[in-house]
Amino acid sequence: MDSEGLARLAAEAADDRKAVDIRLLRVEDVTTLTDWFVVCSGLSDVQVRAIARSVEDRLEADCERLPLRREGVTQGRWVLLDYGDLIVQVLTPQERSYYDLEAFWGHGETIHFSHNP
């Protein structure tokens with residue numbers, strides 16, 4: 001699966017746990033850090049951790065991919081899952097507003113994920 005497909009799968013997994021304002025940011029043309037970011041919000045620490053777990057479980061089950069690095073799970077206010085060509089950030093609304101990743105990476109393409117039942 002290519003990195004865009006991986007990003008879309010991560011967004012679907014986040015949506016399964018009712019993540020809020022899911023955005024896919026294509027940054028492959030503006031950084032060597034990664035190809036895609038998936039940024040979304042959970043409304044509580046518990047939901048942030050559940051969303052992150054859902055993403056991990058889906059990417060492992062469907063793609064046999066494990067994160068290279070995982071940060072923030074213990075606190076639950078923000079979680080970073082680094083898959084190399086994809087970085088998933090799950091944050092509470094307060095943390096998301098503070099870090100404002102969409103503005104920082106705004107020179108890349110932004111895709112708003114919408115659930116298709």
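The residues of the chain are indexed from 1 along the displayed sequence. Side chains included, hydrogens not; waters and symmetry mates left out as well; all remaining heavy atoms used.
- By the 4.0 Å N-to-carboxylate-O rule, E12 lies too far from R8 to be salt-bridged with it.
- Closest heavy-atom contact between I51 and G42: CD1-CA, 3.8 Å.
- Hydrophobic clustering places V73 together with V55 (ILVMFWY residues linked when any side-chain heavy atoms are closer than 4.5 Å, directly or through intermediates).
- Note: the hydrophobic cluster containing I87 also contains Y99 (ILVMFWY, side chain heavy atoms under 4.5 Å, direct or indirect links).
- A distance-only check finds no donor-acceptor pair linking the side chain of E95 to the backbone of L91 [under 3.5 Å].
- To the nearest 0.5 angstrom, I22 atom CD1 is 4.5 Å from D15 atom CG.
- Nearest heavy-atom pair, Y83 versus P67, reported as atom, atom and distance to 0.1 Å: CE2-N, 3.3 Å.
- With V39 as reference, L25 is the one residue of L24, V88, L25 to meet the side chain to side chain contact (heavy atoms under 4.5 Å, CB included) rule.
- Annotation: side-chain hydrogen bond (donor to acceptor under 3.5 Å, both in side chains) contacts of Q75 (sequence neighbours excluded): none.
- Shortest non-hydrogen contact noted between L59 and A10 is CD2-N, 4.2 Å.
- More than 12 non-hydrogen atoms from other residues, nucleotides or ligands lie less than 6.0 angstrom from CZ of R58.
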Show every donor-acceptor pair shorter than 3.5 Å between a side-chain atom in residues 26-36 and any protein atom, with sequence neighbours excluded, or say none if there are none.
from, atom 1, to, atom 2, distance (Å)
R26, NE, E109, OE1, 2.8
R26, NH2, E109, OE1, 2.7
T31, OG1, L33, N, 3.1
T34, OG1, W36, O, 3.4
T34, OG1, G84, O, 2.9
T34, OG1, D85, O, 3.1
T34, OG1, L86, N, 3.1
D35, OD2, S3, OG, 3.2

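- Inter-residue side-chain proximity for T110 and E102 is flagged as unmet; no heavy-atom pair is nearer than 4.5 Å.
- Hydrophobic clustering of Ile, Leu, Val, Met, Phe, Trp and Tyr side chains at less than 4.5 Å, counting indirect connections, unites L80 with F104.
- Taking all atoms of both residues into account, the shortest heavy-atom contact from L81 to A52 is CD1-O, 3.6 Å.
- Remark: side-chain polar atoms of Q47 are paired, donor with acceptor, to backbone N or O of R17 under 3.5 angstrom.
- Contact of the R77 side chain with the V48 side chain is not registered, since no non-hydrogen atoms from C-beta on lie closer than 4.5 Å.
- Residues R49 and T74 approach most closely at NH1-O, 3.6 Å, considering heavy atoms.
- V20 and V38 fall into different hydrophobic clusters, where Ile, Leu, Val, Met, Phe, Trp and Tyr side chains are chained together by heavy-atom contacts under 4.5 Å.
- Ring-centre distance between F37 and W105: below the 6.0 Å cut-off.
- At least one side-chain heavy atom of R70 sits less than 4.5 Å from a side-chain heavy atom of E56.
- Pairing each heavy atom of C40 with each of A14, the nearest pair is SG-CB, 4.0 Å.
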